[in-house]
Novice: 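I'd like to ask some things about the structure below.
Note on naming: letters A, B, ... go to the chains in the order of the sequence lines (proteins, then strands), and numbering restarts at 1 for each one. These numbers come from the heavy atoms of this one structure, side chains and all, not from hydrogens, waters or symmetry mates.
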2 protein chains.
Amino acid sequence: MAETLTPTALTLKDIAREAGVSLATVDRVLHNRTGVRPDTVRRVKEAIERNSFQPHVAAAELARGRARRFAFVMPSGPNPFMQQIEDYLGEMSGWLSARRLSVEMVATDVFDPSVLAASLEALSGDYDGIAVVALDHPGVRAAINDLVDAGTKVVTLVSDVPSSRRHHYVGIDNIAAGRTAGALVGRLVGQRSGKVAIVAGSQGLRDHAERIFGFNQVMTTEFPDLSVLPVLEGRDEDDRSEQLLARLFGQHADIVGLYNVGAGTQGVAKALSEAGRDKQVVFVGHDVTALTRRLLLQGVMDAAISQNPGHEARAAVRVLLALARGEPILHEQEKIRIDIVMRDNLP
Amino acid sequence: MAETLTPTALTLKDIAREAGVSLATVDRVLHNRTGVRPDTVRRVKEAIERNSFQPHVAAAELARGRARRFAFVMPSGPNPFMQQIEDYLGEMSGWLSARRLSVEMVATDVFDPSVLAASLEALSGDYDGIAVVALDHPGVRAAINDLVDAGTKVVTLVSDVPSSRRHHYVGIDNIAAGRTAGALVGRLVGQRSGKVAIVAGSQGLRDHAERIFGFNQVMTTEFPDLSVLPVLEGRDEDDRSEQLLARLFGQHADIVGLYNVGAGTQGVAKALSEAGRDKQVVFVGHDVTALTRRLLLQGVMDAAISQNPGHEARAAVRVLLALARGEPILHEQEKIRIDIVMRDNLP
DNA sequence: CTCAAAATGAGTTGCGTACCTCAAAACACC
DNA sequence: GGTGTTTTGAGGTACGCAACTCATTTTGAG
């Protein structure tokens, strides 16, 4: 009836005895230090496997002494999403200090590859782990690889650099996010046919491009009655988004759906209401902020695709810590899900 | 530019010096032991506050020696949702044993209050923490309170007993879940008018009743064109759900929406397809399982409301651990969100 | 066989806390 | 002033591991 999931309670000493070697040798194997014959390594590892031995994290943490330092490299300038990540890290401060972890925020221009690369290089050696909102660019990729080679653990946050050797990516699958947005717009529009508008920051941004790709994919295959208009590039700015959209509304009277890929939500909402179409057009955007929350409650916005920033911040810290400790990562736990947020399940 | 979020690195010794007392006294205060004058307690606590001192978790964990034992009291019998929770706990086994935590599963008939209460009483004293899928009943409430009084940490899982003194509830707000389901059915039905069917396990189950309540709330206020039919009680059984639903389809030709509150999804889907209405009726249900995943991909099911079982399992363990250690709980992290899962954001 | 290099054993120290004992000091009460 | 009780100090041990030193043994190359 009662089934135990965790047996062990062995120590390094037991493993040493099992393997017929000394404590020092087990320690050497455990930390990949040199000076152990391959055959001996094998014996020790087998003993560890056989007993499914797990070093006691608390003891290990206590013994190593030095605190661990992590850095979060994030975009400078006001950005609600990034601000939220920072806030959530602040909320963790008790948790962090109880584990003698320090997390520092480094603001930089993540959109300029050379500046970002330089910022990363400058951090080399000072940190045990780095989380970075990265641009996918050769210079950045090289900087990341250098950090990895220097022994620093690196995770990309929100935006990935898949071609680098970063240890982990904490963020969503943006193509799937775009597909989800497409499905929502299509389904919520219902039987009606008409046109669908897309407002993005820039198609040059990897995450935006991927979302648009996914969105179009779903629209063309599943909602042939809806035709997608050319993408408006609002540069994530409210004013510009509003103007572009206002013009579009003037040109097309039969717009039934709207997908806002990035920020600039305020401007998009304004254009909608000034055109008097805020209740007829299905409006799907990204991220739960104070603004989108209000728009959802008002019924102006119909759904928001969200990647929980709190979860991302915490996942990044946990992953960095697990990497630094050499622990396995709980992939299922650290995976960032694509949240669909509507009025009634607002967090 | 670089802003540190975590200063401290003091030890108990520093606090003792600060407060002008010995280590032993600090220890007494920290663990609420007797034999310390109120005035001294105050001085020590002030010193702790003033330096925002945090005991080093690793050191504390190491020093206490004994492993912690947790128990999960779950429904016996085959239940995919509970099975998933168990699976995820299994995936954590490395994480658990590295922290010298043991988690045991205790199966019982959670639907019989007296049996459940007896099971809980039987666990008293043996565990540091207990997670229980509880029925809200006076006997169960008393059993939970007894455990709490005995010093055991108790969290309710999936289904709450708000009137008890359990330390925490790990699960979703079921009224909000019902509202979300209602909004989805209403929005996805579109312009059409017609009837909406509800299949539940039993209206006597607290979570089911709450979901139905939320669902009706949204339907009546926001979708007056849709009329909700009386709730069918399928007892979470496939066959019974199917028969009840088949009969209903015979009686009403204009059913456009269907909300399956609990399990029995297989039967519901079968009734839908045998009536040849699987593509016309908007079908919203709960939980992502192998079955609902397939139904979503086939387009039979339109959306699933999900409370991530993996997240629940892990949250329950983390909360129990934090409670046992006397650490604060990261509420934002442990809160279970209501996930809307459609085909394109299937996890 | 010789010698240097490589591999291993044995041991120590310290991390910060929990928990325990025993003695000394402070206090309350009559 | 003496008694008993409460409060406090001082100190030790243990927890499991990391990291280090130094001595010893084994190995391989010449």
Side-chain angles (χ1 to χ4, degrees), chain A residues 6 8-45 47-48 51-68 97-101 128 151 324-327, chain B residues 8-45 47-48 51-68 96-101 128 151 324-327:
Chain A
T6 55
T8 37
L10 301 180
T11 73
L12 278 185
K13 215 183 297 182
D14 301 312
I15 300 301
R17 188 161 17 79
E18 273 262 335
V21 299
S22 75
L23 253 173
T25 302
V26 177
D27 183 70
R28 290 182 182 111
V29 172
L30 219 53
H31 298 88
N32 307 309
R33 289 191 241 279
T34 61
V36 185
R37 228 172 317 159
D39 180 61
T40 312
V41 173
R42 195 181 42 72
R43 266 164 53 218
V44 173
K45 289 200 166 165
I48 292 179
N51 300 284
S52 59
F53 167 77
Q54 295 269 126
H56 192 316
V57 240
E61 206 57 33
L62 186 57
R64 72 187 301 280
R66 349 188 314 269
R68 298 182 197 276
S97 70
R99 287 160 183 73
R100 300 301 185 267
L101 301 175
D128 300 285
R325 285 176 173 168
E327 282 188 307
Chain B
T8 37
L10 301 180
T11 73
L12 277 185
K13 216 182 297 182
D14 301 312
I15 299 300
R17 188 161 17 79
E18 273 262 334
V21 299
S22 75
L23 249 173
T25 302
V26 178
D27 183 70
R28 290 180 182 115
V29 173
L30 218 54
H31 297 89
N32 308 310
R33 287 191 245 280
T34 63
V36 186
R37 229 172 315 162
D39 180 62
T40 313
V41 173
R42 194 182 42 73
R43 266 164 53 219
V44 173
K45 287 200 167 164
I48 291 179
N51 301 284
S52 59
F53 167 77
Q54 295 267 124
H56 193 315
V57 220
E61 207 57 33
L62 183 56
R64 71 187 300 280
R66 351 187 311 270
R68 297 182 198 277
L96 291 170
S97 68
R99 284 158 185 76
R100 300 301 185 264
L101 301 174
D128 300 285
R325 285 176 173 169
E327 282 189 307

Novice: From CZ of B:Arg37 over to P of C:dA26, roughly how many Å is that when rounded to an integer?
Specialist: 10 Å
Novice: Using a cut-off of under 3.5 Å, enumerate the N/O to N/O pairs linking the protein to nucleotides 16-20 of chain D.
Specialist:
| residue | atom | partner | partner atom | Å |
| --- | --- | --- | --- | --- |
| D:dG16 | N2 | A:Ala59 | O | 3.3 |
| D:dC17 | OP1 | A:His56 | N | 3.4 |
| D:dC17 | OP2 | A:Leu12 | N | 2.6 |
| D:dA18 | OP1 | A:His31 | NE2 | 2.9 |

Novice: Is there a side-chain contact between A:Asp14 and A:Glu18 (heavy atoms, below 4.5 Å)?
Specialist: no
Novice: Whole-Å distance between C:dC15 C1' and B:Asp14 CG?
Specialist: 14 Å
Novice: Taking atom P of C:dC19 as reference, at what distance in whole Å does atom CG of B:Asn32 sit?
Specialist: 12 Å
Novice: When the distance from CZ of A:Arg68 to P of C:dC15 is rounded to whole Å, what number comes out?
Specialist: 17 Å
Novice: Report the base-pairing partner of D:dG30 (Watson-Crick or G-U wobble, both distances below 3.5 angstrom), or none.
Specialist: C:dC1
Novice: Could you list the residues that satisfy salt bridge (charged side-chain N to carboxylate O under 4.0 Å, His left out) with B:Glu327, not counting sequence neighbours?
Specialist: A:Arg99, B:Arg325
Novice: Nearest whole angstrom, please: distance from the P of D:dC15 to the CG of A:Leu23.
Specialist: 14 Å
Novice: Between A:Thr25 and A:Arg43, is there a side-chain heavy-atom distance shorter than 4.5 Å?
Specialist: no
Novice: Is B:Thr40 near enough to D:dT8 that one of its side-chain N or O atoms lies under 4.0 angstrom from OP1 or OP2?
Specialist: yes
Novice: Partners of B:Asp27 by side chain to side chain donor-acceptor pair (under 3.5 Å), sequence neighbours excluded?
Specialist: B:His31, B:Arg33
Novice: Does a side-chain N or O of A:Ser22 approach OP1 or OP2 of C:dG11 to a distance below 4.0 Å, or not?
Specialist: no
Novice: So which atom in B:Ser97 and which in A:Gln54 form the shortest heavy-atom distance, rounded to 0.1 Å?
Specialist: OG-CG, 3.1 Å
Novice: Report the C-alpha separation of B:Ile15 and B:Leu30 in whole Å, then their side-chain angles, then the decisive distance to 0.1 Å, and conclude whether the side chain to side chain contact (heavy atoms under 4.5 Å, CB included) test is met.
Specialist: CA-CA 11 Å; B:Ile15 299 300; B:Leu30 218 54; over 6 Å; no
Novice: Roughly, in whole Å, what's the span from CD1 in B:Ile48 to C1' in C:dG16?
Specialist: 14 Å
